[in-house]
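Below you'll find the structure, written out as structure tokens, and then a few comments.
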Amino acid sequence: MLIAANKAVSIDYTLTNDAGEVIDSSAGGAPLVYLHGAGNIIIGLERALEGKQAGDELNVAIEPEDAYGEYSAELVATLDRAMFEGVDQLEVGMQFHASGPDGSMQIVTIRDIDGDDVTVDGNHPLAGQRLNFKVKVVTVREASDEEVAHGHIHGEGGHHH
Ligand SMILES: [Zn+2]
């Protein structure tokens, strides 16, 4: 069975950056399970897997625009410490959920703290990076009607609800 929209796909993968550092990997754990064509994974990887089948292996380099986007300086802002009321101790590297200009939820990371000035960054941690995936397709099956309706996979490696 070939990978196409509405297939449930499981993959083993290792993700490295251009410096060769491993950022993420399924090695030593369960394969990643996703619903193809539903935006569960980055678009560049979805495109690379289209038409592949169980047992296929591929190495693919994905540019930022097909991964987590270019780094945007507009997503960096300096806020007053008072904005974080209720947080006992602010530290560089802490992450918060915040609503973006269009109302969508995004994760912001504290990049710097200088007195009452707290610099936050709404870029994805992998924004601006080319991602190098080494992937092996483990299984491909038809997704159930319910999985397609939900836009994600159920059961092992997927959602439980
Ligand atoms: Zn569901």
Side-chain angles (χ1 to χ4, degrees), residues 1-18 21-72 74-77 83-84 86-87 91 93-111 120-161:
M1 184 179 289
L2 302 183
I3 295 176
N6 298 335
K7 305 292 187 209
V9 183
S10 68
I11 56 172
D12 279 325
Y13 71 96
T14 296
L15 167 60
T16 53
N17 61 18
D18 276 351
E21 297 164 334
V22 174
I23 297 169
D24 194 12
S25 175
S26 64
L32 171 73
V33 183
Y34 78 96
L35 177 63
H36 195 81
N40 291 176
I41 62 174
I42 59 173
I43 187 68
L45 187 56
E46 213 163 47
R47 276 195 209 121
L49 284 163
E50 182 90 21
K52 299 289 190 279
Q53 57 188 325
D56 283 355
E57 297 186 46
L58 57 153
N59 288 291
V60 57
I62 299 172
E63 299 298 327
E65 66 260 33
D66 293 325
Y68 293 101
E70 299 289 354
Y71 189 87
S72 170
E74 291 177 10
L75 293 177
V76 179
M83 296 280 289
F84 297 87
V87 182
E91 288 176 20
M94 286 176 94
Q95 294 188 317
F96 296 87
H97 287 276
S99 45
D102 60 355
S104 66
M105 288 301 283
Q106 57 184 180
I107 291 175
V108 299
T109 306
I110 294 183
R111 290 279 172 237
V120 297
D121 185 347
N123 286 284
H124 188 281
L126 295 177
Q129 292 201 43
R130 177 165 44 198
L131 304 181
N132 304 290
F133 281 94
K134 185 178 191 314
V135 179
K136 181 174 184 182
V137 181
V138 182
T139 61
V140 183
R141 67 165 168 84
E142 290 289 348
S144 70
D145 290 345
E146 189 184 47
E147 287 169 330
V148 171
H150 285 200
H152 56 229
I153 295 305
H154 295 153
E156 194 172 341
H159 286 243
H160 298 270
H161 61 94

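Numbering of ligands and ligand atoms starts at 1, following listing order.
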When you look at D121 and T109, which way does the side-chain hydrogen bond (donor to acceptor under 3.5 Å, both in side chains) test go after all the steps? CA-CA 5 Å; D121 185 347; T109 306; over 6 Å; no
Should the pair H124 and Y68 be assigned to parallel (<30°), tilted (30 to 60°) or perpendicular (>60°) ring geometry?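 It falls in the parallel class, under 30°.
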Does N40 reach the main-chain N or O of L35 with its side chain, forming a donor-acceptor pair under 3.5 Å?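 Yes, N40 side chain to L35 backbone: donor-acceptor pair under 3.5 Å.
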What is the minimum heavy-atom distance between A67 and L131, and which atoms define it?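 For A67 and L131, the tightest heavy-atom pair comes out as CB-CD1, 3.6 Å.
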State which residue, out of H36, H160, H159, fulfils the ring-ring contact (aromatic ring centres under 6.0 Å, His included) condition with H152.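 Answer after filtering H36, H160, H159: H159.
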Scan for salt bridge (Lys or Arg N to Asp or Glu O under 4.0 Å) pairs involving residues 144-158, sequence neighbours excluded, and state none if there are none.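 Pairs touching residues 144-158 that pass the test: R141-E147.
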Near the Zn ion (ligand 1), meaning under 2.8 Å, how many protein N/O/S atoms are there?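 Number of qualifying protein atoms: 4.
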